Amino acid sequence: KAGVTQTPRYLIKTRGQQVTLSCSPISGHRSVSWYQQTPGQGLQFLFEYFSETQRNKGNFPGRFSGRQFSNSRSEMNVSTLELGDSALYLCASSSIQGASEQFFGPGTRLTVL
Amino acid sequence: AQRVTQPEKLLSVFKGAPVELKCNYSYSGSPELFWYVQYSRQRLQLLLRHISRESIKGFTADLNKGETSFHLKKPFAQEEDSAMYYCALYGGTSYGKLTFGQGTILTVHP
């Protein structure tokens, strides 16, 4: 099976802009989780979607949002970008109902100037 | 609240030496614990989970509920083990949320 894919792999934006990142899970996986990875904060959970429903959300401002489509592909959106949003954004998919065992994509490197 | 602590940011050993990466957790219920590894320029990948109780690439980890620890061990380190290692916790009703430690960079010298 193909692994989790994320597009684009790299993005450069300026403050105030918005950005959309995409994630395609492993075929058959219905749960998609998103994480932000930074040198200072490490890996932090953003949110999780299962069957097009957000089931869990981390402690991030409302500028961070996401959605999941009927084919389980997911997108996350960050509006009004800030310098501190520069990070590697990872998505992970799981076939398990509770989504404990997760398989990660390569990430999207977002740089905000 | 759930928390994972990896006390060592950096760990250096010589090839053939034993290695232990420490992980302590805080969680009120019965968590699932995982070790993930990230080799240079590769994606984060699952190394092992406590439920399966298996050995992967010579690594083992035992969940000690009394000490709330899940240390990763290997009796004889290899140079190809050099990587970043993350301990992660999943709580029963977390729905897709893994809580990660800060990670330990393991360097195995020849």
Side-chain angles (χ1 to χ4, degrees), chain A residues 2-6 9-10 23-26 29-60 66 68 72 74 76 88-109, chain B residues 1-10 21-27 29-54 56 61 63 70 83-105:
Chain A
V4 177
T5 58
Q6 293 186 245
R9 294 293 310 277
Y10 302 92
C23 172
S24 292
I26 292 171
H29 286 194
R30 295 166 63 191
S31 167
V32 174
S33 297
W34 288 88
Y35 296 86
Q36 181 194 66
Q37 186 176 26
T38 59
Q41 299 297 317
L43 281 149
Q44 293 189 291
F45 173 78
L46 280 155
F47 30 64
E48 187 258 5
Y49 287 86
F50 181 85
S51 293
E52 302 178 67
T53 300
Q54 185 183 89
R55 296 193 300 181
N56 201 357
K57 190 176 190 311
N59 189 25
F60 279 82
Q68 187 179 35
S72 295
S74 178
M76 68 163 280
L88 181 67
Y89 290 88
L90 298 173
C91 83
S93 74
S94 175
S95 64
I96 299 174
Q97 181 73 14
S100 60
E101 184 174 338
Q102 299 179 12
F103 298 85
F104 283 80
T108 294
R109 173 74 62 185
Chain B
Q2 49 198 52
R3 180 175 294 176
V4 176
T5 302
Q6 293 179 248
E8 304 133 332
K9 280 190 91 169
L10 302 169
L21 290 87
K22 290 184 166 50
C23 171
N24 289 90
Y25 67 90
S26 172
Y27 184 67
S30 293
E32 288 186 59
L33 274 296
F34 301 85
W35 277 99
Y36 279 84
V37 61
Q38 190 167 31
Y39 301 102
S40 178
R41 289 185 293 277
Q42 293 187 28
R43 66 181 66 190
L44 198 60
Q45 55 186 281
L46 179 64
L47 182 61
L48 53 80
R49 56 189 300 192
H50 89 271
I51 287 178
S52 60
R53 301 182 67 83
E54 58 187 344
I56 304 292
L63 179 60
F70 188 56
M84 171 75 99
Y85 291 80
Y86 291 97
C87 181
L89 176 153
Y90 176 81
T93 56
S94 293
Y95 290 132
K97 177 184 177 180
L98 287 172
T99 298
F100 286 88
Q102 288 292 91
T104 298
I105 299 173

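Please read all numbers here as calculations on a predicted model, not as lab measurements. Proteins get letters first, then strands, A, B, ... in listed order; numbering begins at 1 in each.
With contacts defined as side-chain heavy-atom distances shorter than 4.5 Å, the pair Gln38(B)/Gln37(A) qualifies.
Neither the backbone nor the side chain of Gln42(B) comes within less than 4.5 Å of any heavy atom in chain A. Of the two parts of Leu98(B), the backbone and the side chain both hold a non-hydrogen atom closer than 4.5 Å to a non-hydrogen atom of chain A. Heavy-atom distances place no part of Phe47(A) under 4.5 Å from chain B, backbone and side chain included. Of the atoms belonging to Glu32(B), it is side-chain heavy atoms, and not backbone ones, that fall under 4.5 Å from chain A. Contacts of Phe104(A) with chain B are made by both backbone and side-chain atoms, with heavy-atom separations under 4.5 Å. Contact of Val4(A) with chain B is made through backbone and side chain together, with heavy-atom distances under 4.5 Å.
Between chain B and the residues Phe103(A), Tyr49(A), Phe45(A), the largest count of heavy-atom pairs under 4.5 Å involves Phe45(A). Ranked by heavy-atom pairs shorter than 4.5 Å toward chain B, the options Gly42(A), Ala92(A), Ser33(A), Pro106(A) are led by Pro106(A).
Listed for the Gln102(A) side chain is a donor-acceptor partner under 3.5 Å among the backbone atoms of Gly96(B).
Nearest heavy-atom pair across Phe34(B) and Ser100(A) is CZ-O, 3.5 Å.
For Arg3(B), the CZ atom is loosely surrounded, since the number of other residues' heavy atoms within 6.0 Å does not exceed 12.
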